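Below is one structure, written out as structure tokens; comments come after it.
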Amino acid sequence: MAARIPPAAEPRRPHPFEILAALCAGSLLTLMLLSNGMMAAHTTPIFASLTAHGVGTMVAVVLLLLFRLRKPAQPRVSVGRAPLWAYLGGISGALTVVVSTVVVNSSLALTGTMALGLAGQVLLALLFDATGALGLERRLPRRNDLLALAAIVGGTLLIIFARGGAA
């Protein structure tokens with residue numbers, strides 16, 4: 001049976017480790033964008049993307065080998081094949097790297113790029129949740145979800161347009 005996201009009817013509080021892991025992932029995204037942007041500034045966005053994905057592949061292979069050498073705590077249950085569309089994640093990843101390396105070197109800079117990226121992520125996530133797209137449990141946005149999106153958009157606008165005269 002495939003793992004599913006718990007439905008909205010079964011709310012649970014996030015575990016502190018989950019919060020820490022998400023914060024770390026966001027920090028790593030910022031570091032990735034900064035390093036890819038620097039690479040693109042000295043080469044090209046395509047070369048930066050190719051380099052990032054090449055290095056990422058090497059790290060993934062090392063992690064795969066490390067995890068395969070460890071004895072699993074419990075036997076893995078086969079959940080079947082992933083849907084074909086699941087293999088397209090690499091396309092969005094490559095496009096994200098190329099587009100963001102161009103934008104991070106624009107007047108938006110790193111902070112504006114990350115803020116707009118966060119707004120885009122939350123907006124698309126709310127849309128996917130609301131429609132049940134790509135196998136997600138359908139979950140209509142609540143008022144607090146929309147207020148949070150408005151706060152993110154408002155904060156993004158402040159970051160981009162309220163920088164003031166001193167750089």
Side-chain angles (χ1 to χ4, degrees), residues 5-6 8 11-64 85-167:
I5 296 171
R12 70 174 184 87
R13 292 188 169 261
H15 189 276
F17 178 77
E18 295 167 340
I19 293 171
L20 182 62
L23 285 170
C24 288
S27 298
L28 288 171
L29 280 172
T30 302
L31 180 61
M32 178 197 75
L33 184 55
L34 175 61
S35 57
N36 291 344
M38 185 62 69
M39 176 69 74
H42 292 292
T43 59
T44 67
I46 301 296
F47 182 80
S49 178
L50 197 59
T51 302
H53 286 87
V55 171
T57 298
M58 290 188 293
V59 170
V61 167
V62 168
L63 290 173
L64 178 67
W85 59 261
Y87 293 93
L88 300 176
I91 294 173
S92 64
L95 291 174
T96 298
V97 171
V98 171
V99 171
S100 64
T101 56
V102 170
V103 178
V104 76
N105 291 313
S106 74
S107 60
L108 287 174
L110 181 61
T111 307
T113 301
M114 290 303 298
L116 283 170
L118 174 63
Q121 288 173 41
V122 172
L123 182 64
L124 191 58
L126 283 172
L127 180 67
F128 280 4
D129 278 345
T131 61
L134 305 177
L136 287 175
E137 183 78 31
R138 189 163 186 248
R139 179 186 171 274
L140 294 176
R142 297 180 182 150
R143 185 175 65 98
N144 286 348
D145 296 328
L146 299 176
L147 288 173
L149 177 61
I152 291 168
V153 169
T156 297
L157 294 174
L158 279 173
I159 287 170
I160 293 171
F161 295 111
R163 290 188 180 207

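What you are looking at is a predicted structure, and each value in this text was computed from that prediction instead of being measured.
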With a 4.5 Å limit on heavy-atom distance, are the side chains of [X] and [Y] in contact?
X	Y	answer
L147	R142	no
T131	R138	no
T156	I152	yes
L149	V153	yes
M32	L29	yes
L108	I160	yes
V122	L118	yes

Checklist line | Nearest heavy-atom neighbours spanning G37 and T101 | finding: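 Between these two residues, the closest heavy atoms are N-CG2, 3.8 Å.
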Next item on the list: Give me the one residue out of N105, V103, L33 that meets side chain to side chain contact (heavy atoms under 4.5 Å, CB included) with L110.
Entry: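 Passing option: L33.
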Checklist line | side chain to side chain contact (heavy atoms under 4.5 Å, CB included) partners of S35, counting only residues at least two apart | finding: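 By the side chain to side chain contact (heavy atoms under 4.5 Å, CB included) rule, S35 matches no residue at all.
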How many angstroms lie between [atom1] in [X] and [atom2] in [Y], if you round to the nearest 0.5 Å?
X	Y	atom1	atom2	value
L34	S100	CG	OG	11.0 Å
L124	S92	CG	OG	10.0 Å
R13	I19	CZ	CD1	9.5 Å
T44	L50	OG1	CG	9.0 Å
T43	M38	OG1	CE	11.5 Å

Item checked: S49 (side chain) donor-acceptor with P45 (main chain) under 3.5 angstrom ->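 Judged by distance alone, no pair lies under 3.5 Å.
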